2 protein chains.
Amino acid sequence: MQQKKSEATRERLVATALRLFREQGYDRTTMRAIAAEAGVSTGNAYYYFSSKNDLVQALYHSLQDEHRARSLPLLRDGQNLGEHLRAILQSGIDVMGPYHDFGFNFIGVAIQPSSNLGPFSDDSSVARAKSIALFNQAVNTARPQPPLAIRADLPELLWLVYMGVTLFWVYDRSPGQRRTRRLIDNAAPLIAKLVILSRLPVVRKIVDDVVQLIKNTKQ
Amino acid sequence: MQQKKSEATRERLVATALRLFREQGYDRTTMRAIAAEAGVSTGNAYYYFSSKNDLVQALYHSLQDEHRARSLPLLRDGQNLGEHLRAILQSGIDVMGPYHDFGFNFIGVAIQPSSNLGPFSDDSSVARAKSIALFNQAVNTARPQPPLAIRADLPELLWLVYMGVTLFWVYDRSPGQRRTRRLIDNAAPLIAKLVILSRLPVVRKIVDDVVQLIKNTKQ
DNA sequence: TCTCCTTCTTGAACACGTTCAAAAGAGTCT
DNA sequence: AGACTCTTTTGAACGTGTTCAAGAAGGAGA
């Protein structure tokens, strides 16, 4: 019985935080306000979330779930990879849109290795894996299938592209983040073309080098 | 007479801030401590720098000057582009090394459009131009010369690579940032090779697309 | 019902970045 | 010297994220 109530309080805090973040932006949303609007004391908010950034993390996870939910129906079998990539990236921007104000914090949450040192409790790597799984789906359902040689590495590479686009979006001050949308529209087919071209020996060699570079750098 | 003293105070503040940042990291260095160590009141520090981030910006500019000073002698005529690129990137890491703690703030300063809205007073774009000039030098003194077709765009592309590497460095938790150094050692020759290959029609077409993409997205 | 333990909740307190009204200092003109 | 202006300096104050000792609430066993 205690558990249910506790869980309810936690969810009320997340919901309130999300709303206030959306309505007033990150900086103007104070922990005191979140707690008050959720009907608890300031200290109690810290019982559930160890920092304001923790709440951003909760928001990030929630957005990621929404991103997945929105993207999957768009990945229709038989579309080419460029279309899939475009769909995923654009819907990513759509989902994050209302929170553009503090995209800066997102990047931190998305890339930063969490402070949890336990080998399995790494929260952000779970999120990363989830995100990569989405690109995996995009690759697997695309027609024509990408060359076998890079098919395995492609999801991670696309995720990197996604991170890059997100970074661009964070610093995109154009109204409605038009420039990011244009970037996506142009980059998605280009990347798809590149993937096809990776069949050619010259390009293939470069891609191999890049993949090797990434693997090599990863310890 | 007043001016000299004022300038001295300003410089004392920057010097103190740099030292404390280096010794204690960003978060543990308080504005109160900087002011106290510099022998002025807290409020006075704000007379010279409108925020703590402003001091980071000062540090960033100082590091950029040092980066330039260290890199230029390494760009010997006749070395190939890969060597030049490697030299610039590695010395960039060297210079930033002691401040790895708050590299996160650097990225912000480096990329973020400053709040100054005046068309010419944009502080960060000056810094950017300075940085790009360095890559321009690297390109111009390299032998063999890169293909004419991309020579003009190359400095900016390399600057983008530099930004990417810096981003990687920020999140690189390996001791001494070894992984970033390895990344540079592997990526520099690869990129140089790519530049050479851009003579081939296939690759050339891709590079053109990328350049077009960037130009296109830039409004 | 009483006792004990765990979970949850509180509000005051702390340290920080930042602001501001007020004062001190420096220079200039009469 | 004195009056006036502009620059520089001060320290208290505000609002913020975060911590913490203390207590309330809930459940389990006697």
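Proteins come first, then strands; the chains are lettered A, B, ... in the order of their sequence lines, and each starts at number 1. Being a predicted model, the structure only gives us computed values, none of them experimental.
Here the closest heavy-atom approach between residue B:Gly25 and residue B:Thr29 is recorded as O-OG1, 2.6 Å.
If A:Arg28 and A:Ser50 are placed on DNA chain D by their nearest nucleotide, the residue sitting closer to the 5' end is A:Arg28. Heavy-atom distances to DNA chain C give each of A:Tyr48 and B:Asp27 a nearest nucleotide, and the one nearer the 5′ end belongs to A:Tyr48.
Between the side chains of B:Asn53 and B:Ser51, not a single donor N or O lies within less than 3.5 Å of an accepting N or O.
A:Arg10 forms a cation-pi arrangement with A:Phe49, by the criterion of a distance under 6.0 Å to the ring centre and an angle within 45° of the ring axis.
Listed in residue order, the members of residues 29-38 of chain A having a heavy atom less than 4.0 Å from DNA chain C are A:Arg32. Residues from residues 11-21 of chain A that place a heavy atom under 4.0 Å from any atom of DNA chain C: there are none.
Applying the side-chain hydrogen bond (donor to acceptor under 3.5 Å, both in side chains) test to B:Asp65 and every residue at least two apart in sequence or in another chain returns B:Lys130. For B:Arg68, there are no salt bridge (Lys or Arg N to Asp or Glu O under 4.0 Å) partners at least two apart in sequence or on another chain. Applying the salt bridge (Lys or Arg N to Asp or Glu O under 4.0 Å) criterion to B:Glu11, with sequence neighbours excluded, gives no partner residue.
Side chain of B:Thr16 to main chain of B:Glu37: no donor-acceptor pair is present (N/O by atom type, distance under 3.5 Å, no hydrogens or angles). Formation of a donor-acceptor pair under 3.5 Å by the A:His84 side chain with backbone atoms of A:Asn140 is not found in this model. Of the possible donor and acceptor atoms, none in the side chain of A:Ser62 sits under 3.5 Å from a partner among the backbone N and O of A:Ala58.
Atom CG of A:Asn53 is separated from atom C1' of D:dT16 by 16 Å (rounded to the nearest Å). Atom pair A:Leu55:CG and D:dG17:P shows a separation of 11 Å (rounding to whole Å applied). Summarising the geometry, the separation between NZ on A:Lys52 and P on D:dT19 is reported as 15 Å, rounded to the nearest angstrom.
Residue B:Tyr46 places at least one side-chain N or O closer than 4.0 Å to OP1 or OP2 of C:dT18. Close to D:dT8, at under 4.0 Å from its OP1 or OP2, lies a side-chain N or O of B:Ser6. B:Tyr47 has a side-chain polar atom (N or O) that falls below the 4.0 Å cut-off from OP1 or OP2 of D:dT8. Using a 4.0 Å cut-off, some side-chain N or O of A:Asn44 falls inside it from OP1 or OP2 of C:dT10.
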Using the 3.5 Å cut-off, write out each protein N or O paired with an N or O of nucleotides 21-23 of chain D and the distance between them.
none

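Salt bridge present: A:Arg181 and A:Asp94 bring a charged side-chain N and a carboxylate O closer than 4.0 Å.
Under the 30°/60° scheme for interplanar angles, the aromatic rings of A:Trp169 and A:His100 are found to stand perpendicular.
Using a 4.0 Å heavy-atom distance criterion, B:Ser51 is classed as a sugar-phosphate-only contact.
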